[in-house]
There are 2 protein chains.
Amino acid sequence: MTERMPQVTADANQGEVRAGHLSGLVGYHVRRASNAMVADFAEQLQDLGIRPTLFAMLSILSENPGINQGLLGRTLGIQRANMVPLVSDLMGRGLIERRDVPGDKRAFALHLTRAGAAMFEQCHDRIAAHEDRMLSRLDEAERDQLIDLLGKIDPDA
Amino acid sequence: MTERMPQVTADANQGEVRAGHLSGLVGYHVRRASNAMVADFAEQLQDLGIRPTLFAMLSILSENPGINQGLLGRTLGIQRANMVPLVSDLMGRGLIERRDVPGDKRAFALHLTRAGAAMFEQCHDRIAAHEDRMLSRLDEAERDQLIDLLGKIDPDA
DNA sequence: TATTGTTATACTCTATAACTATA
DNA sequence: TATAGTTATAGAGTATAACAATA
């Protein structure tokens, strides 16, 4: 593996840094892209106090009113224990509310409040701009293709 | 936006959860995919104690011996302050070593030790298996395409 | 027994500000 | 002034184990 390949000088500080093996790893590129997207998301929605996870919750709730905490978490890949402070956060800001589930005293049905629905719409617009900027070098077909390819990554393989 | 669309029942617990708006967001899919890849990486290399960030460091060092801490960090998108405990970790396990840089008393040249090079090779093989499993639903062309599309995400846009 | 939600805790990655010593 | 490395600290996401109340 290291036999007769051209070698960089012992001090690489002066020249280019070779990415080499890392360039071929999908995981590396996915992680770097995710970090970049999350960082820009956080920056663009900082004043609203909405992070990617919280927005995902608002989004699912807007289309699945009455869903309970556990199913919301499973949908988003968030564990039960980690849902508690997230739900608390949105509740404390009046963006969601809990309602009793008739027939199951363990669970709560979660709903967006009017403020929560308004926040969702506002985030929606900001995020559209954020994605347009970050993905400006991808046309519509490429964006769809990217989503399609990412969806083929199999967490259960 | 919410006028005459078909509505799910108030209690969505019984039926399918609609992803809706989230499905069209590249950022959401990138984040989920990254989490899945990182989680599997961690699981597969747990006994080696190598996480994605540490492997990336070993990888860059294997191809750029003598690079200093700052440039290594910039290459990987890791901030100076966050490099300190990472370098410490690898040093403490004898996987990398520091050498003085003649002509600059501030900097250290980082090098893989023999143990570090061996660890890199072992990780390399494990990660190849990890990627093959996680990406089993993507052929070679699709993996290249995925890397290409991810590379077009512009952190500086 | 299983499920819903909770508490407590720990680890990793990321972020900022401020410091030192050298350049 | 700028750079290399450091310290301290905080926020966010994820992970596990154990518990109470209910199914």
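By convention in this document, chain letters (A, B, ...) are assigned in the order of the sequence lines, proteins followed by strands, and residues within each chain are numbered from 1. Since the structure is predicted, the reported quantities are computational estimates derived from the model, not experimental observations. The figures here come from the full heavy-atom set of this structure, side chains too, leaving out hydrogens, waters and symmetry mates.
Phosphate proximity of D/dT14 to B/N35: present, with a side-chain N or O under 4.0 Å from OP1 or OP2. Taking side-chain N and O atoms only, A/N82 has no distance below 4.0 Å to OP1 or OP2 of D/dA15. B/R74 has a side-chain polar atom (N or O) that falls below the 4.0 Å cut-off from OP1 or OP2 of D/dA4.
Checked against D/dA15, D/dA21, D/dA4, the side chain of B/A39 finds its nearest nucleotide in D/dA15. Side-chain proximity of B/Q69 to the nucleotides D/dG5, C/dC13, C/dT4 is greatest for D/dG5.
In this structure, B/Q46 atom CD and D/dT16 atom P are separated by 9 Å, rounded to whole Å. Rounded to an integer number of Å, the gap from CG of A/L86 to P of C/dG5 is 14 Å. Between the P atom of C/dT12 and the CZ atom of A/R31 lies a distance of 14 Å, rounded to the nearest Å. Whole-Å rounding puts the B/L72 CG to D/dG5 P distance at 10 Å. Protein atom CD1 of A/I67 is 10 Å distant from nucleotide atom P of C/dG5, rounded to whole Å. As rounded to whole Å, 10 Å separates atom C1' of D/dT6 from atom CZ of B/F108. As rounded to whole Å, 13 Å separates atom C1' of C/dA23 from atom CG of B/N68. The CG atom of B/D100 sits 12 Å away from the P atom of D/dG5 (whole-angstrom rounding).
The base of C/dT12 lies outside donor-acceptor range of the side chain of B/R51, with no N or O pair under 3.5 Å.
Place A/R80 and A/L76 on DNA chain D by their nearest nucleotides, and A/L76 ends up nearer the 5' end. In terms of position on DNA chain C, the residue among B/G77 and A/A81 whose nearest nucleotide sits closer to the 5' end is A/A81. For A/L54 and A/K105, each mapped to the nucleotide of DNA chain D holding its nearest heavy atom, the one lying further toward the 5' end belongs to A/L54.
Within 4.0 Å of A/Q79, counting heavy atoms only, lies at least one base atom of the nucleic acid. Among the protein residues, A/G103 comes within range of the sugar-phosphate backbone only, with heavy atoms under 4.0 Å from sugar or phosphate atoms but none that close to a base. If you check every strand for non-hydrogen atoms under 4.0 Å, B/A42 touches nothing.
Aromatic ring centres of B/H21 and A/F55 lie closer together than 6.0 Å.
Using modelled atom types, no side-chain atom of A/R99 and backbone atom of A/F108 make a donor-acceptor pair closer than 3.5 Å.
Rounded to the nearest 0.5 Å, atoms CD1 (B/I96) and CE (B/M57) are 5.5 Å apart. One finds the CG atom of B/L48 at 5.0 Å from the CE atom of B/M119 (value rounded to the nearest 0.5 Å). Taking CG from B/D40 and CE from B/M134, the interatomic distance works out to 4.5 Å, rounded to the nearest 0.5 Å.
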